[in-house]
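Keep in mind it's a predicted model, so treat the numbers as computed, not measured. Position 1 is the first residue of the sequence, and the numbers go up from there.
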Amino acid sequence: MPHTENTVATALAGLRQEMLKAVADRKVTPLGPTRTPVLIGASKSQPKDVLEAAIRLGLEHFGENRVQEAAARWPGLKPAHPGVTLHLIGPLQSNKAKEAVALFDVIQTVDREKIAEAIANASEQQQRKPAVFIQVNTGEEAQKGGITPQMLEGLVRYCREQATLPLVGLMCIPPLAENPAPHFALMYKLAREHGLPELSMGMSGDFPAAIRFGATYIRIGTKLFGPRPA
Ligand SMILES: *Cc1c(COP(=O)(O)O)cnc(C)c1O
């Protein structure tokens, strides 16, 4: 059963508590402005009324995995809620770059030059520049998006110097079956090396660890909205 406004409210309050506790346990100083991490509601496949309930409860950041799904609901929702910031947290194909630039405020999944270039071209055409994160495949998993840590430096340089994108941070999804802590620690190190203030890491199962290692954005789905409808 999807959550109702009441259950989302309870979940949100609980999450905020756990976030503060993890902030108090931080092992590192966040690289960006020191603040409580920003909570992004990962809203893939949740019904629109659950999103509206979350907005009424004060949630301001949402993450969508598919351009198509986001395009089906946010253009109807966003004008009424100008405070909402929309993040793309799923893989992006270059033929969807135009649509993504038009729709999203932040694109977190840049992982190759071709995508960076497509976003840069669309940004130029639309005079609209979403902030960008590079996704890092810290576990080097074949089925997962993201650039390998070894290749990151070249892509950072490309985004800054060639594509001139507003690159602000790094994003990762650690391997499911592993302890995420070493992955988060590596992300912190990489972000620091490249002078990137923001780190998007941590999901329902591992966000306290991500915060302890310097996450500035966490992306929460099931723990906030309930199980995803099949
Ligand atoms: C679905 C998803 C999340 C949220 O996952 P939960 O485990 O449900 O919190 C976070 N990030 C990405 C990229 C996702 O696809």
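Grouping the Ile, Leu, Val, Met, Phe, Trp and Tyr side chains by contacts below 4.5 angstrom, directly or via other members, places Leu155 with Met187. By the rule that hydrophobic residues join a cluster once side-chain heavy atoms approach within less than 4.5 Å of another member, Leu224 and Leu77 end up as members of one cluster. Hydrophobic clustering of Ile, Leu, Val, Met, Phe, Trp and Tyr side chains at less than 4.5 Å, counting indirect connections, unites Leu190 with Met151. Leu199 and Val38 end up in different hydrophobic clusters when Ile, Leu, Val, Met, Phe, Trp and Tyr side chains are linked at under 4.5 Å. Linking Ile, Leu, Val, Met, Phe, Trp and Tyr residues whenever their side-chain heavy atoms come within less than 4.5 Å places Leu86 and Ile115 in a single cluster.
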Q.
side-chain contact (heavy atoms from CB on, under 4.5 Å) for Leu103 and Leu88? Distances and angles first, verdict last.
A. CA-CA 9 Å; Leu103 193 56; Leu88 178 62; over 6 Å; no

Q) Which is it for Glu60 and His81 under the side-chain contact (heavy atoms from CB on, under 4.5 Å) test, yes or no, and what are the steps along the way? A) CA-CA 9 Å; Glu60 293 191 309; His81 304 285; over 6 Å; no

Q | Steps toward side-chain contact (heavy atoms from CB on, under 4.5 Å) verdict (Ile147, Arg112) | A | CA-CA 7 Å; Ile147 192 157; Arg112 55 199 188 277; over 6 Å; no

(Q) Is there a side-chain contact (heavy atoms from CB on, under 4.5 Å) between His61 and Val84? Walk through the geometry before answering. (A) CA-CA 6 Å; His61 291 258; Val84 165; over 6 Å; no

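Inspection of the Ser43 and Glu64 side chains reveals an N or O donor paired with an N or O acceptor under 3.5 Å. Lys96 and Gln68 are linked by a side-chain donor-acceptor pair at a separation below 3.5 angstrom, with hydrogens and angles left out of the test.
Put simply, the side chain of Ile173 does not reach to within 4.5 Å of the side chain of Ile89, judged on heavy atoms. Using a 4.5 Å heavy-atom threshold, the side chains of Val8 and Leu57 count as touching. Arg228 is listed as a side-chain neighbour of Thr222, based on a closest heavy-atom distance under 4.5 Å. Residues Ile220 and Lys223 have side chains in contact (heavy-atom distance under 4.5 Å, counting atoms from C-beta outward). Two residues are said to be in side-chain contact when any heavy atoms from C-beta on lie closer than 4.5 Å; Val106 and Val132 fail this criterion. Using a 4.5 Å heavy-atom cutoff, the side chains of Leu170 and Phe133 are not in contact. Between Leu15 and Phe207 there is a side-chain heavy-atom pair separated by less than 4.5 Å. With a 4.5 Å cut-off on side-chain heavy atoms, Met19 and Thr36 count as touching.
One distance of note links CD of Gln125 with CD of Gln127; it measures 10.0 Å at 0.5 Å rounding. Taking CG from Leu167 and CD1 from Ile107, the interatomic distance works out to 12.0 Å, rounded to the nearest 0.5 Å. One finds the NZ atom of Lys189 at 14.0 Å from the CZ atom of Phe213 (value rounded to the nearest 0.5 Å). Rounded to the nearest 0.5 Å, atoms CG (Asn179) and CZ (Phe184) are 9.0 Å apart. Summarising the geometry, atom CG belonging to Leu51 is positioned 9.5 Å from atom CG belonging to Leu59; distances are rounded to the nearest 0.5 Å. Taking CD of Gln93 as the start and CD of Glu99 as the end, the distance is 12.5 Å to the nearest 0.5 Å.
In this structure, Thr216 contributes its side chain and Glu198 its backbone to no donor-acceptor pair below 3.5 Å. Using modelled atom types, no side-chain atom of Thr148 and backbone atom of Glu140 make a donor-acceptor pair closer than 3.5 Å. Judged by distance alone, the side chain of Gln126 and the main-chain N or O of Lys98 form a donor-acceptor pair under 3.5 Å. In this structure a side-chain-to-backbone donor-acceptor pair under 3.5 Å is missing from Tyr158 to Glu153. Side chain of Thr164 to backbone of Glu161: no donor-acceptor contact under 3.5 angstrom is found. A donor-acceptor pair under 3.5 Å is formed between the side chain of Asp206 and the backbone N or O of Met203. Ser123 contributes a side-chain N or O that, together with a main-chain N or O of Ile119, makes up a donor-acceptor pair within less than 3.5 Å.
Around the NZ atom of Lys21, the shell of radius 6.0 Å holds no more than 12 heavy atoms that belong to other residues, nucleotides or ligands. Heavy-atom neighbours of Leu176 CG from other residues, nucleotides or ligands within 6.0 Å: at or below the threshold of 12. Under a cut-off of 6.0 angstrom, the local environment of CZ in Arg66 is sparse, with at most 12 non-hydrogen atoms contributed by other residues, nucleotides or ligands. Residue Gln150 qualifies as enclosed at atom CD: its count of foreign heavy atoms under 6.0 Å is above 12.
The shortest heavy-atom contact between Leu196 and Leu31 is O-CD1, 3.8 Å. Closest of all the heavy-atom pairs between Val101 and Ala122 is CG2-CB, 3.7 Å. When all heavy atoms are compared, the tightest approach of Gly214 to Met201 is C-CE, 4.3 Å. When every heavy atom of Ile40 is checked against every heavy atom of Gly63, the shortest pair comes out as CG2-N, 3.3 Å. Minimum interatomic distance between Ser200 and Gln108 (heavy atoms only, all atoms of both residues): OG-OE1, 2.7 Å. Between Gly146 and Asp111 the shortest heavy-atom distance is N-OD2, 3.0 Å.
The aromatic ring centroids of Trp74 and Phe104 lie 6.0 Å or more from each other. Aromatic rings of His87 and Tyr217 (six-membered ring for Trp) have centroids within the 6.0 Å cut-off, being under it.
In summary, Arg128 and Asp105 engage in a salt bridge, as defined by a charged side-chain N under 4.0 Å from a carboxylate O. Taking 4.0 Å as the cut-off between side-chain N and carboxylate O, Lys144 and Glu141 count as a salt-bridged pair. Between Glu52 and Lys78 there is no salt bridge, since no side-chain N of the basic residue sits under 4.0 Å from a carboxylate O of the acidic one. The pair Arg73-Glu69 counts as a salt bridge, with a side-chain nitrogen and a carboxylate oxygen less than 4.0 angstrom apart.
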